[in-house]
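Note sheet for the following structure.
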Amino acid sequence: MTDSSAEASDSSNFIRDIIDADLAAGKIDTIVTRFPPEPNGYLHIGHAKSICLNFGIARDYNGYCNLRFDDTNPEKEEQEYIDSIRRDVQWLGFEWHSNPFASDYFGQLYDFAIDLIKQGKAYVDSQSADDIRANRGTLTEPGSKSPYRDRSVEENLQLFEAMKNDEYADGEHVLRAKIDMNSPNIKMRDPVLYRIRHVTHHNTGDDWCIYPLYDFTHGLSDSIEGVTHSLCTLEFEDHRPLYDWILDNLETPSRPVQTEFARLQLEYSLTSKRKLNALVTEGHVSGWDDPRMLTISGMRRRGFTPESIVNFCDMIGITKKNSTIEMGVLETALRDDLNARALRRMAVINPLKVVIENYPEDQEEFFDGANHPQKPELGTREVPFSREIYIERDDFMEDAPRKFFRLSPGREVRLRFAYYITCKEVIKNAAGEIESLICTYDPASRGGSSPDGRKVKGTIHWVSASHAVDATVNLYDRLFTMPNPGAAADFHQALNPESRVVMNNAKFEPAIELTDNAIAYQFERLGYFISDYDSTSDQPIFNRTMTLRDSWAKIEQSQKIG
RNA sequence: UGGGCCGUCGCCAAGUGGUAAGGCACCAGGUUUUGAUCCUGGCAUUCGUUGGUUCGAAUCCAGCCGGCCCAGCCA
């Protein structure tokens, strides 16, 4: 569970079976994969699945994986995204062999296009975009040939060069593959290979005014890099014949094979770039790294560990079946990892003051609290105790049912690590709201057990009032109330209005590092927490990464219903 | 109704002709100074469906049903 994120997984899948077969047949000896994001947005949990697949295979087969930026559309790509993608891949624990841009290959790609033209397998089309669309046919009707389809090789060569030499405006011409306008696969009806775009490219600047499209670029880039297994999502299945056509009609350095797998779909979440972007720009979240976002950067800020994400990806598997993963799977992967590593501390999020009337007014003492109940090697910390403490308001109930194992008038409860206390009196304000509790403690129960061996069912957490550190805590819940917000007519209506609840009167025990975002804590009985990027010693801010499993809440819930 | 792909427990997922792994969830117990963790046990006579081949089928064949993807000069 605490293994490094880049550890080998024992999970097999149909893609690994293909690789095993290729290896056994002697087709290849070094496995090469690539993760090819377009730098036009932030990476999310869906990308993590692909990253784990591609980098995981390369690692397990002693091959290598490239991080290639598929940057053939200069209108949407930015340095900000490049930086974040690199950071996220590394944070997940993976190392790329090389990190090229598809745009690094523009020169070679241009030469390949010339080759196709010379073979009579590509032509310059001068129809408008609308005409091209109209002539493409429909799902059930074949397309019709462009009037420019039979231009001579010489004319095509001259026109394409002129396109490259900035002699035309955007949209005046395109380069198309000459395949089959009658193909039942629409992708094969003379797909566009190059378009004119007078836009400055983040990597090539103004060197080019023609840009290749994905289908022309991808397989050739794979081939140039020696990629053996080009893994992509299901919606590219129709592109595979075109991927193959490009490689089969050109003399390429190597012959990669494309295989498709199902993209990740997670309940109560969105991975559409457009909708994610809307959440950010419309202000429903604070940014791409808002802790509620299932972007890698959001999850990092929320307190996910890379290991938990990698383990999640192992748990869900790789298939060709469209499926939707329940949130519980992600939550379990997270809790498993955090449970193993998080240091235990006590914090009170919604405080209720308790005065222990028989405890000496100016006395204080310190208890040793284990940093981890199952890992004594992680040591202990000192937990201060005094006459006035805070407990969680939820841990007190005036009229408590029998199964409520916490504090209520006349009942005794254990303060974790400290003493047994009994509630003697409830102090209320004029409005009838509970203001504080008067309790007594049993000095003989020091450490949390009494010599007479009497049983105390409940143990609650607490913080000494005079030693407490004031803090703000963000409680996060799922961003959407519907299992499939992406299917809603308007995903805004699925937004959870209580996805973030700010508790700004929290009380921490002193032994909590306020600004180290790398330390995962478990606040006992409350969940896993981590300091936010904005946290300072003066104004501590913590994010609740995930609650603990709560079977009491489940019982309460069923009692209300039943 | 053109083409491509998919259909094994509530959600994932092994299985590749020899008689249904595992995980999550759920249920029932046990341990516990976190109603956490941990441990034990339970949880598909059945693999979308109907026929066929076979001594034997989730696995092979045929039909049917259901779902997803494709008509950007996006990726």
Side-chain angles (χ1 to χ4, degrees), chain A residues 11-13 17 36-38 40 70-73 75-76 102 125 127-129 132-134 136-143 170-176 182-189 191-197 210-211 213-215 217-218 232-241 260 262 267 273 314-333 335-336 339-340 344 346 369-370 372-374 403-406 414-418 420 445 447-449 456-461 522-527 547-556:
Chain A
S11 58
S12 189
N13 56 54
D17 290 345
E38 181 184 14
N40 69 345
D70 241 335
D71 56 348
T72 54
N73 186 355
E75 290 168 17
K76 305 201 296 188
D125 194 351
Q127 294 182 103
S128 68
I132 288 178
R133 187 183 314 115
R136 188 151 28 225
T138 67
L139 294 178
T140 52
E141 296 160 322
D170 289 3
E172 269 191 79
H173 307 282
V174 292
L175 184 72
R176 288 231 257 173
N182 295 316
S183 173
N185 180 351
I186 294 175
K187 282 275 153 349
M188 297 297 273
R189 320 238 262 231
V192 174
L193 268 20
Y194 268 89
R195 79 288 218 187
I196 300 171
R197 277 284 177 289
I210 57 170
Y211 292 95
L213 278 97
Y214 167 86
D215 286 303
T217 308
H218 205 87
C232 62
T233 43
L234 250 27
E235 65 270 27
F236 290 99
E237 282 176 319
D238 287 343
H239 298 237
R240 179 156 26 98
E260 311 83 15
E267 278 190 345
K273 219 166 260 181
D314 278 344
M315 287 169 79
I316 61 177
I318 299 289
T319 67
K320 289 178 91 79
K321 186 170 92 180
N322 282 311
S323 59
T324 303
I325 309 296
E326 291 178 340
M327 259 304 177
V329 181
L330 216 209
E331 293 174 354
T332 294
R335 288 194 183 108
D336 278 355
N339 176 53
R344 276 29 55 124
M346 291 199 288
H372 190 116
Q374 281 82 37
K403 301 246 279 195
F404 186 77
F405 304 147
R406 308 176 188 180
R414 172 166 41 234
L415 294 179
R416 165 136 251 224
F417 304 127
Y420 293 174
S445 66
S449 59
V456 171
K457 184 76 178 167
T459 300
I460 64 175
H461 59 96
Q522 183 198 95
F523 291 168
E524 297 209 30
R525 306 207 307 131
L526 296 176
T547 59
L548 258 29
R549 262 195 200 85
D550 189 351
S551 53
W552 167 243
K554 216 181 274 180
I555 292 166
E556 262 189 320

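Quick note: numbers below take in every heavy atom, side chains included, and nothing from hydrogens, waters or symmetry partners. Reminder, nothing fancy here: chain letters follow the sequence lines and each chain counts from 1.
Between the C1' atom of B:C12 and the CD1 atom of A:I325 lies a distance of 5 Å, rounded to the nearest Å. Rounded to whole angstrom, the span from the CE atom of A:M327 across to the P atom of B:C12 amounts to 14 Å. A straight line from CG of A:D314 to P of B:A14 spans 13 Å, rounded to a whole angstrom. For the pair A:I318 CD1 and B:C5 P, the computed distance is 19 Å after rounding to whole Å. Here B:C11 presents its P atom at 18 Å from CG of A:L330, a figure rounded to the nearest Å. Note: CD1 (A:I316) to C1' (B:A13) measures 11 Å, nearest angstrom. A:M188 places its CE atom 16 Å from the P atom of B:G3, with the value rounded to the nearest Å. Rounded to whole Å, the distance from NZ on A:K320 to C1' on B:C12 is 18 Å.
Of all non-hydrogen atoms in A:N182 and A:G143, the two that sit nearest each other are OD1-O, 3.9 Å.
Base orientation for B:G52: anti, the chi torsion being more than 90° from 0.
Contact annotation: A:K321 side-chain N/O to B:A13 OP1/OP2 distance is under 4.0 Å. Put simply, A:R525 has a side-chain N or O that comes within less than 4.0 Å of OP1 or OP2 on B:G35. Within the structure, every side-chain polar atom (N or O) of A:R240 is placed at least 4.0 Å from both OP1 and OP2 of B:C5. Look at A:T140 and you won't find any side-chain N or O under 4.0 angstrom from OP1 or OP2 of B:U1. At the phosphate of B:A75, neither OP1 nor OP2 sits under 4.0 Å from any side-chain N or O atom of A:K273. Here A:T319 does not reach the OP1 or OP2 of B:C6: none of its side-chain N or O atoms lies under 4.0 Å away.
The base of B:G35 sits within donor-acceptor range of the side chain of A:R406, with an N or O pair under 3.5 Å. Side-chain to base pairing of A:R344 with B:U34: one donor and one acceptor N or O lie within less than 3.5 Å of each other.
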Please list each protein N or O that sits under 3.5 Å from an N or O in nucleotides 22-24 of chain B, with the distance.
| from | atom 1 | to | atom 2 | distance (Å) |
| --- | --- | --- | --- | --- |
| B:C24 | O3' | A:T332 | OG1 | 2.9 |

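Nucleotide B:U37 forms a pair with no other nucleotide shown, judged by Watson-Crick or G-U wobble geometry with both contacts under 3.5 Å. Across all strands shown, B:U31 has no partner, as no Watson-Crick or G-U wobble contact with both distances under 3.5 Å is found. Shown here, B:A14 forms no base pair; nothing in the strands shown gives a Watson-Crick or G-U wobble contact with both key distances under 3.5 Å. Nucleotide B:G66 has B:C6 as its partner under the Watson-Crick or G-U criteria, with both atom distances under 3.5 Å. The partner of B:A20 is absent, by the rule that a Watson-Crick or G-U pair needs both atom distances under 3.5 Å.
With contacts defined as side-chain heavy-atom distances shorter than 4.5 Å, the pair A:L548/A:L526 does not qualify.
Nearer to the 5' terminus of RNA chain B, by closest-nucleotide assignment, is the contact made by A:R414 (compared with the other of A:R414 and A:P36). Between A:D170 and A:T324, the residue anchored closer to the 5' end of RNA chain B is A:T324, taking for each the nucleotide with the nearest heavy atom.
The side chain of A:D17 lies closest to B:U16, out of B:U16, B:C74, B:U37. The side chain of A:N13 has B:A14 as its nearest neighbour among B:A75, B:A14, B:U34. Listed candidates were B:C12, B:U34, B:G35. Nearest to the side chain of A:F404 is B:G35. Set against B:C73, B:U34, B:C74, the side chain of A:E38 has B:C74 as its closest nucleotide.
Under 4.0 Å is where a charged nitrogen must lie from a carboxylate oxygen, and between A:E331 and A:R549 no such pair does. Of the charged side-chain nitrogens involved, none lies within less than 4.0 Å of a carboxylate oxygen, so that A:K187 and A:D238 do not count as a salt-bridged pair.
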**OP:** List the protein contact pattern of nucleotides 67-72 of chain B with one symbol per nucleotide (5' to 3'): B for base contact, S for sugar-phosphate-only contact, - for none; contact means a heavy-atom distance under 4.0 Å.
**Re:** -SBBBS

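Without hydrogens or angle criteria, A:K321 side chain to A:A262 main chain gives no donor-acceptor distance under 3.5 Å.
Spacing of P atoms, B:G3 relative to B:G42, comes out at 49 Å, to the nearest Å.
The aromatic ring of A:Y214 is not stacked on the base of B:A75, since the criterion of ring centres less than 5.5 Å apart with planes inclined by under 30° is not met.
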